[in-house]
Amino acid sequence: MEQTYPTATPLVRFVGVQKTYDGVIRVVKNLNLDIQRGEFVTLLGPSGSGKTTCLMMLAGFETPTSGDIFLGDQKLNTLPPHKRNIGMVFQNYALFPHMTVEENLYYPLKIRKLPNNQAKQKVERILDIIKLKSFAKRRPSQLSGGQQQRVALARALVFEPQLVLMDEPLGALDKQLREHMQLELRQLHKALGLTVVFVTHDQGEALNMSDRVAVFNDGIIQQIDTPLNLYEYPNNAFVAQFIGENNTLAGTVAHLSGDTCRVSLAHGAASGARVSDIKALNESTLLSIRPERIHLNEAAQALANRFTATIRDFTYLGDHVRVRCELLDNDQFYVKVPISDTLESLQPGMTVQLGWRDEDARALSKP
Amino acid sequence: MSAAMIDDLPKLKAQLRRAERLKKLKALALIAPLVIFLLLAFVFPIGTMLWRGIDNSEMQLALPQTAQLLQQWDGQNLPSAEVFKSLASELPSAQKSGALGKYGRRLNYEDPTLKTLMTQTLRKMPIEPPSDWSQTLPQINPRWSDPKVWQALKNTAPRLTDRYLLASVDVERNAQGDLQFVAPDKKVYLDIFQRTLIISGTVTLVCLLLGFPLAYLLATLPTGTSNLLMIFVLLPFWTSLLVRTAAWIVLLQSGGLVNNALIGLGIIQEPLQLVFNRFGVIVAMTHILLPFMILPLYSVMKGISPSYQRAAISLGAHPFKAFWQVYVPQTLAGVAAGTILVFIMALGYYITPALLGGPSDQMVSYYVAYYTNTTNNWSMAAALGSLLLIATLVLYAVYNHLVNKNPVRR
Ligand SMILES: Nc1ncnc2c1ncn2[C@@H]1O[C@H](COP(=O)(O)OP(=O)(O)OP(=O)(O)O)[C@@H](O)[C@H]1O
Ligand SMILES: [Mg+2]
């Protein structure tokens with residue numbers, strides 16, 4: 001498998017990587033992934049989908065069963081983990097409890113036998129960046145969760161690795177702190193020009209922080225794309241379901257032309273839609289529409305696809321209301337309605353007009 | 001309204017106190033049986049035993065007045081005639097009450113000939129009390145004019161004595177009352193203490209060397225396998241100490257399994273002396289005490305996430321370095337606990353060295369048993385026991401200090 005790459009090679013390349021722990025189940029099936037220098041790529045997926053496994057293979061704590069991983073031009077398969085020069089932030093931070101913050105930060109520099117004055121400079125700079133200078137002499141157990149998180153990050157950055165891996169680093173923080181740290185991480189990434197591979201199963205976090213998000217399921221990347229594209233143009237039913245909220249209606253492809261199609265639904269209804277991964281006429285399909293793209297009553301009048309639905313109940317969420325409707329055979333059809341006067345006239349059991357544009361509906365292959 | 005609240009405050013406090021008192025009483029009632037048991041079965045007997053190490057009441061019981069007078073005597077030349085008289089008048093009643101017998105044993109520790117002097121003097125005492133006993137007594141036996149005899153008696157006069165404790169570390173008081181080491185040919189206890197420390201230290205070290213890798217294995221293996229191994233570790237607990245010790249004799253004696261196997265394999269010609277010496281003692285004690293090292297180590301290691309070592313490796317450390325610099329320091333609390341536990345238990349070992357060791361492998365406990373059972377010198381037994389207890393307490397204090405200083409707490 002000797003291959004050469006042009007000079008502007010991606011920093012990380014997974015080429016046909018497979019991984020099985022027990023020889024039966026392939027936790028990672030045929031992974032191909034390129035990560036460019038300076039990119040912030042997130043691996044997103046449900047629990048057990050193989051995200052950590054991918055990260056561990058990259059860090060060197062697991063070996064691929066087959067396939068190759070490249071870091072720059074270097075093939076990683078036989079390079080032991082301590083020689084890879086990859087910074088890693090662990091889910092539980094893994095700060096050495098018997099060392100102070102400062103000693104933790106000096107650790108990678110001492111191992112690299114950096115002269116004292118240089119090491120000191122680097123540690124002080126990174127302490128400045130994470131704003132924990134006054135905590136340098138404390139032990140990790142004397143820090144708050146957010147502070148520990150920052151130290152863990154600093155330790156992974158202080159030796160200026162070419163790549164930083166983070167495995168759910170914000171998982172243990174409360175919501176407010178998590179959002180704050182997301183922002184700080186993002187800023188650090190920009191300021192230092194880092195290349196980051198980030199693992200999470202929180203989709204909000206993934207969309208919020210990443211240049212690109214790789215959605216994992218079943219050991220396969222379902223889609224790798226920018227947050228916007230993932231949300232607006234999901235490739236398949238899994239991605240559509242996993243990212244954001246989504247209504248689906250079962251149907252068959254009745255008419256197909258280029259990237260638009262017409263889907264016939266139950267009870268003789270039909271809707272126009274964009275094509276994502278359907279390949280043939282008469283294929284059974286899931287029509288997917290985001291709740292916020294659905295319009296109600298008067299607003300629906302001018303739209304191409306209009307349906308009559310029955311209101312089941314309401315959920316007040318402060319800035320908007322989620323209306324659960326029964327549409328065709330789906331009684332979990334949600335519509336997101338901004339707070340307004342028209343809302344007050346609606347009651348459970350009433351029938352309403354729902355409508356959406358062709359381009360807001362997507363026809364996805366049934367999984 | 002706030003004034004009313006302030007008025008209520010004392011009442012509130014009283015209520016609180018009453019409620020607390022009730023709670024405390026309940027708690028006390030619950031632990032009372034335990035406290036009583038501990039007092040009766042532990043504090044009281046041990047206290048009495050330790051007391052014997054400094055108790056010197058024999059003369060005060062047998063010859064109370066003489067004891068008091070001798071304590072006032074300055075120890076120079078001969079005591080006053082009053083002391084002679086008091087001794088002579090108290091001796092017959094002491095013999096009658098039987099207190100003289102016990103005092104005689106006490107006198108033996110000072111000078112074995114004094115007891116005979118006493119009984120002989122008693123026998124030869126004139127029926128009619130003479131006017132001046134300080135003349136009569138030396139006539140009965142000239143030794144009564146020897147100040148050394150009176151000094152020896154004076155030593156037994158005070159209520160408390162440090163002679164047993166001093167003797168336990170090979171120190172005695174000379175005629176002037178100054179401390180000095182005993183004659184080299186009488187030195188035994190320092191050697192015994194040293195030997196006890198060396199054997200305990202060796203056993204602890206071997207336990208640590210064997211136990212650390214095993215505990216690491218137990219902590220890192222998958223649960224099923226590690227549970228199975230754990231049963232093997234705990235197996236010794238389920239067998240009697242005596243049985244295990246005897247088993248080692250069977251294994252290690254000159255016609256035993258080990259020697260036969262080695263001879264059979266042609267590795268040695270003559271059987272090796274593996275038992276009834278230091279080797280046998282250390283092997284058996286290590287075997288018996290190993291679980292006490294493994295268990296604390298295991299419990300600490302179980303709590304150390306493997307991600308620490310991974311973190312160190314990802315930061316560039318060679319796996320060995322990561323193990324040594326990051327893993328081992330986190331196990332120190334367990335190492336300290338296991339070490340101190342094994343060491344303290346080893347310090348007091350008796351049966352294993354007694355059965356598996358030679359004469360030069362007997363530890364302090366052996367001599368405690370010897371003095372209690374064989375020579376009936378309970379004072380010496382108590383003094384040796386006290387020193388052992390003090391050594392243990394000091395060690396425990398050191399351990400406590402180390403553990404509390406250790407910042408690694410999860
Ligand atoms: N050391 C291992 N031995 C055997 N199976 C493993 C091992 N590590 C992970 N697995 C299995 O591999 C699959 C993927 O695990 P992985 O840890 O990569 O998931 P993940 O995507 O990181 O999930 P999560 O979001 O819960 O962390 C899981 O089914 C898991 O049971
Ligand atoms: Mg994971």
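Here is how names work: the chains are called A, B, and so on, in the same order as the sequence lines, proteins then strands, and each is numbered from 1.
Heavy-atom neighbours of chain B within the stretch residues 52-62 of chain A, taken at a separation under 4.5 angstrom, comprise A/Met56, A/Phe61, A/Glu62. Contact residues of residues 310-323 of chain B toward chain A are B/Arg310, B/Ala311, B/Ala312, B/Ile313, B/Ser314, B/Leu315, B/Gly316, B/Ala317, B/His318, B/Pro319, B/Lys321, B/Ala322 (heavy-atom distance under 4.5 Å).
If you measure heavy-atom distances from B/Ser305 to chain A, the contacts under 4.5 Å come from the side chain alone. Looking at A/Leu165, neither its backbone nor its side chain comes within 4.5 Å of chain B, counting heavy atoms on both sides. Contacts between B/Gln325 and chain A at a heavy-atom distance below 4.5 Å involve backbone atoms as well as side-chain atoms. Interface remark: A/Arg84 contributes no atoms to any contact with chain B (heavy atom separation under 4.5 Å).
A/His98 contributes no side-chain N or O that, together with a main-chain N or O of B/Val328, makes up a donor-acceptor pair within less than 3.5 Å.
Counting heavy-atom pairs closer than 4.5 Å to chain B, the top residue among A/Arg112, A/Lys83, A/Met88 is A/Arg112.
Counting heavy-atom neighbours within 6.0 Å of B/Lys302 NZ, excluding the residue itself, gives a total above 12. Annotation for A/His82: atom NE2 counts as buried by contact number, over 12 foreign heavy atoms lying within 6.0 Å. The neighbour count for A/Tyr21 OH, taken as heavy atoms of other residues, nucleotides or ligands under 6.0 Å away, is above 12.
Put simply, the residue from A/Phe96, A/Phe90, A/Tyr93 that forms a side-chain contact (heavy atoms from CB on, under 4.5 Å) with B/Tyr308 is A/Phe96.
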